[in-house]
J.: 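A single structure is presented below for examination.
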Amino acid sequence: MFYETPDIQFFSTIIYLVLILFSAVIAIMGSILIISFFTGRAINEKEEIVANRNIGMALVLGSFIWTIGRMCFETVKPTMNAWYSAYSAGFNIKTALKLTLGILGSQVIALIIGAVTIYISVKGLMIFTRGINEWEEIKNGNNAVAIIISVTVVVVGMFFESIISTIVVNLFDY
Amino acid sequence: MKVYLLFLSVLLLLVNVISLSLPGPASKFSAVPGPAAAVNISGDAKVKAPAAEGEKDHIQVTFKWTNIKKEEIVSLLKIPKKTLNVEVRNFGISADIKMLHPRYLKKQGFKLLTGKPVVDYREVYSRNLKNFKEITADLKQSAQIKQGVDPLVDFLRFTQQMDYRIPPKIYNGRYIREFYTPLLCLEKKMGDCDTKTILLADLLGALESFREELGIVILKGYGIFHAILAIKRKPLPGTLKLYFRGKGYFMPLEVSGPGWNPGFVGRNTFNCLKAGLFRFGTLN
């Protein structure tokens with residue numbers, strides 16, 4: 001069952017690599033989308049980072065990628081656990097479909113919780129600092145504001161991380 | 001600054017409330033061990049089959065559990081009464097813990113660790129191996145595990161689905177340090193982390209073809225006091241591995257609650273292992 005065939009090493013490695021790559025892609029794409037949502041049309045974050053070498057903007061985007069990335073990686077272990085169960089029970093089309101849906105579902109959950117975490121931390125911070133337009137400050141090169149936003153996002157993300165694996169573990173039928 | 005700190009505190013409180021409302025991983029202190037998964041164990045009620053003719057010297061215990069293919073399995077295990085009585089008599093020290101002679105402790109399945117009597121898991125494991133030959137064969141047969149097929153996952157699931165309850169400190173007038181010996185664990189149909197860990201070790205160790213090294217990992221930290229089994233095996237991608245110098249790679253087996261395959265443990269256990277807050281001892 002569990003170690004019956006040598007194929008398990010091969011297939012598990014492929015699944016593991018796909019999951020990690022998928023998590024990384026979701027983290028990067030999701031972060032770019034979220035930062036575009038926050039900055040709106042007034043600021044072009046790509047131009048700010050590439051052309052203007054705005055460290056503050058890069059810091060904030062980096063913190064977004066870090067937070068969503070950590071959340072997506074949290075789904076990898078429970079997914080692999082479900083994969084080994086499926087493999088040991090005998091792999092067929094039905095279980096393959098269920099596993100694929102589970103992988104997609106867990107990544108989407110991670111992305112949504114990551115986005116909500118970032119939204120809560122940034123908006124929460126903005127409520128307490130009324131009168132300051134953080135994005136305008138970051139655009140003007142105020143790195144201190146960028147550091148505060150980044151640290152808040154990362155710290156709040158660390159609190160929410162533990163929820164992800166619990167949700168994903170319960171998502172799969174072990 | 002104060003407002004910023006207040007904001008972070010409120011968020012932390014919110015996350016804790018959400019985390020507490022979700023079912024968590026197994027630990028010594030969890031009321032409901034493991035994630036909410038397809039668990040099907042016979043429950044608190046002890047189902048004992050009526051003793052058949054010529055089987056009065058055995059206690060028959062029925063277990064209902066689900067195997068890896070999610071099929072319901074009914075296992076009828078026979079525990080020899082005489083052996084069980086000997087086991088109960090030979091485990092546990094005097095309740096007032098005044099007698100701490102090493103030979104007495106060894107005879108009673110205990111040993112001294114930093115001046116305190118603790119369960120000698122290695123001793124309990126090795127002296128129970130002979131008692132488990134028949135039980136393991138019965139379990140293997142009831143689970144329809146074919147010859148040459150690795151029974152690790154099914155045996156792990158069987159142990160995981162047993163009731164998680166902490167044994168008493170005193171049993172039969174003796175101090176047992178919240179540990180039931182494997183036969184008593186089967187008879188009672190319950191156990192906590194270390195009890196179930198040694199039960200699984202004996203189930204595996206009693207297999208004729210079993211040649212792998214086993215070890216017990218005692219974790220203490222991050223609010224948990226927990227035990228898991230470790231088996232010397234080549235780790236698979238994505239699984240947790242423990243490396244011990246001179247011994248090689250071991251794969252952890254979480255027996256407390258259902259939901260974990262070999263090589264997967266709960267978050268707190270993982271953090272504890274990662275921080276090195278554990279002791280490891282070989283069993284065979």
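Quick note on labels: first sequence line is chain A, next is B, and so on, each numbered from 1.
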J.: Does a sphere of radius 6.0 Å around CD in B:Glu213 hold more than 12 heavy atoms from other residues, nucleotides or ligands, not counting ones at 6.0 Å or beyond?
T.: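 Counting neighbours around CD of B:Glu213, more than 12 heavy atoms of other residues, nucleotides or ligands fall under 6.0 Å, so yes.
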J.: Quick one: which residues of residues 62-78 of chain A reach chain B at under 4.5 angstrom, heavy atoms only?
T.: A:Glu74, A:Lys77
J.: Please check: side-chain N/O of A:Asn81 versus main-chain N/O of B:Gly259, any donor-acceptor pairing under 3.5 Å?
T.: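 Checking the backbone N and O of B:Gly259 against the side chain of A:Asn81, a donor-acceptor pair under 3.5 Å is found.
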J.: So how far is it from A:Ser165 OG to B:Phe270 CZ, rounded to the nearest 0.5 Å?
T.: 10.5 Å
J.: Could you check whether atom CD1 of A:Ile55 has more than 12 heavy atoms from other residues, nucleotides or ligands sitting under 6.0 Å from it?
T.: no
J.: Tell me whether the count of non-hydrogen atoms from other residues, nucleotides or ligands lying under 6.0 Å of CZ in A:Phe37 goes above 12.
T.: no
J.: Counting neighbours of NZ on B:Lys133 that are heavy atoms of other residues, nucleotides or ligands and sit closer than 6.0 Å, is the number greater than 12?
T.: yes
J.: Count the heavy atoms belonging to other residues, nucleotides or ligands that lie under 6.0 Å from CD of B:Glu71, then report whether that count exceeds 12.
T.: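 Yes - once you tally the heavy atoms of other residues, nucleotides and ligands closer than 6.0 Å, there are more than 12.
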J.: Looking only at heavy atoms, what is the nearest atom pair of B:Arg267 and A:Ser162, with distance?
T.: NE-CB, 3.6 Å
J.: Taking the side chain as every heavy atom from C-beta outward, state whether B:Leu236 and A:Gln9 have any atom pair closer than 4.5 Å.
T.: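 Yes, close enough: below the 4.5 Å cut-off.
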J.: Tell me, yes or no, whether the heavy-atom count around A:Tyr119 atom OH, taken from other residues, nucleotides or ligands under 6.0 Å, exceeds 12.
T.: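 Counting neighbours around OH of A:Tyr119, 12 or fewer heavy atoms of other residues, nucleotides or ligands fall under 6.0 Å, so no.
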J.: For A:Met158, I'd like to know if atom CE has over 12 heavy atoms of other residues, nucleotides or ligands within 6.0 Å.
T.: no
J.: Please list, one pair per line, the donor and acceptor atoms closer than 3.5 Å that link side chains of residues 15-23 of chain A to other protein atoms, with sequence neighbours excluded.
T.:
unit_1	atom_1	unit_2	atom_2	d
A:Ser23	OG	A:Leu19	O	2.8
A:Ser23	OG	A:Gln107	NE2	3.1

J.: Which heavy atom of A:Ser88 sits nearest to which heavy atom of B:Ile68, and what is that distance?
T.: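 Reported closest heavy-atom pair: CB-CG1, 3.6 Å.
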J.: Using the side-chain contact (heavy atoms from CB on, under 4.5 Å) rule, pick out the option among A:Trp83, A:Tyr84, A:Phe10 that qualifies with B:Pro237.
T.: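 Per the side-chain contact (heavy atoms from CB on, under 4.5 Å) rule, the option paired with B:Pro237 is A:Tyr84, out of A:Trp83, A:Tyr84, A:Phe10.
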J.: Side chain, backbone, both or neither: which part of A:Ser12 has a heavy atom under 4.5 Å from chain B?
T.: both
